[in-house]
Number of protein chains: 2
Amino acid sequence: MDVLTIRDVARRCGLSEPTLRYYEDIGLIGPIGRDASGHRQYDTADLDLIGALSCLRATGVSIGDMRTYKANLANREETAAEQRDLLLRHAERIEAEIVAQHARIGYLRAKAAVWDARDHADGVAEAEAWQAVKEAAQHLGFH
Amino acid sequence: MDVLTIRDVARRCGLSEPTLRYYEDIGLIGPIGRDASGHRQYDTADLDLIGALSCLRATGVSIGDMRTYKANLANREETAAEQRDLLLRHAERIEAEIVAQHARIGYLRAKAAVWDARDHADGVAEAEAWQAVKEAAQHLGFH
DNA sequence: TTCTTGTGTTCAAGCGCTTGAGGTGTGTGA
DNA sequence: TCACACACCTCAAGCGCTTGAACACAAGAA
């Protein structure tokens, strides 16, 4: 059970150091042990929870839901199905988000084509590009 | 040139009403005209800018960059190439983000499988699922 | 005519961090 | 041994919204 600094944990879990301190402040993780000079000492057991929370966070899960997830860890047996569903729900959320991201890429590229046409002072290309922007915008739900 | 309420604009551009007010407060859009009772009246000319900003925002573009984009609209000819590049850069950002999202989905599903195995008290399945979680975590950069 | 419903308004506070200022303790090089 | 870098600390303020409270106005029902 080796000891990790806040920097190590930040790198390995994809959270910033301030975020790790913040999560500890609000009781989402920890309390984390300290060495003689007050520096945090994470152990590998902390990594698993922090990694899971980091991933939940990256998918837009609220602090409240993360608390639920953490609280459920205490009584595994009863809440296993709930945990599974929470995770699957968020996986679906991300899938929806990916679809939206594709639509955004389409819009950005279409709009970039308009500016490219303008850069080359090509009125015909610009008109075509505008058409593509309109379609992309509809895909996004704009109008 | 028909007139739109804040609600119409919010729906058509995918921004919330408070966000639209906020963007006006900080000078990112507008100023927007008002009717006799102080309600905002957007016109269709506003929609194009707001739609573009909304999409930039959705891709994580900072308010500062949005200001640049808007400022560049004033002198189109000189900045056309810059506008195009700004948009393309952000399209690439989203592509990278999508890759990350796929990795997150993998992690969430793997973790869900662990809880599912626990729910069914299936030790063998749980051990296998853990293996998948480890792989998914590596994909995410979690050591 | 009053009363409710709906849509808007402003202003203040909260959220989930991020950034910055200012300080502490440890380790290495001169 | 002293200087300096460096990794960490706390605390406060800022960011980009969101939420909520309290109020204004217009239209239709009782």
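Labels below follow one simple rule: chain letters A, B, ... track the order of the sequence lines, proteins then strands, and each chain is numbered from 1.
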>> As a test of reading the structure: which of C:dT26, C:dT18, D:dC8 is closest to the side chain of A:P18, going by heavy atoms?
In response: C:dT18
> Of A:I63 and B:I6, whose nearest nucleotide on DNA chain C comes first from the 5' end?
Replying inline: B:I6
>> In this structure, how many angstroms lie between the C1' atom of C:dT5 and the CZ atom of B:R7, rounded?
In response: 12 Å
> For C:dT18, does either OP1 or OP2 sit under 4.0 Å from a side-chain N or O belonging to A:T19?
Replying inline: yes
> With a 3.5 Å cut-off and no angle check, do the side chains of A:D65 and A:T68 form a donor-acceptor pair?
Replying inline: no
> Is any side-chain N or O of B:T5 closer than 4.0 Å to OP1 or OP2 of C:dG8?
Replying inline: yes
>> Does D:dT18 have its OP1 or OP2 closer than 4.0 Å to a side-chain nitrogen or oxygen of B:S16?
In response: yes
> With respect to the side chain of B:Y22, which nucleotide from C:dC17, C:dG8, D:dC17 is positioned closest?
Replying inline: D:dC17
>> Less than 4.0 angstrom between a side-chain N/O of B:R57 and OP1 or OP2 of D:dC17, yes or no?
In response: yes
> Any side-chain N or O of A:Y23 under 4.0 Å from OP1/OP2 of C:dC17?
Replying inline: yes
>> Salt bridge or not between B:R93 and B:E97? Use side-chain N to carboxylate O under 4.0 Å.
In response: no
> If you measure from CD on A:E92 to CG on A:D85, what distance do you get to the nearest 0.5 Å?
Replying inline: 9.5 Å
> Which residue, B:S37 or B:S62, contacts DNA chain D at a nucleotide closer to its 5' end, judged by nearest heavy atom?
Replying inline: B:S62
> Does a nitrogen or oxygen in the side chain of A:R40 sit under 4.0 Å from OP1 or OP2 of D:dC9?
Replying inline: yes
> Roughly how many Å is it from CD in A:E17 to P in D:dT10, rounded to a whole number?
Replying inline: 12 Å
> Hey, is the side chain of B:R34 poking within less than 4.0 Å of OP1 or OP2 on C:dT10, counting only N and O atoms?
Replying inline: yes
> For B:E95, what residues pass the salt bridge (Lys or Arg N to Asp or Glu O under 4.0 Å) criterion, not counting sequence neighbours?
Replying inline: A:R109
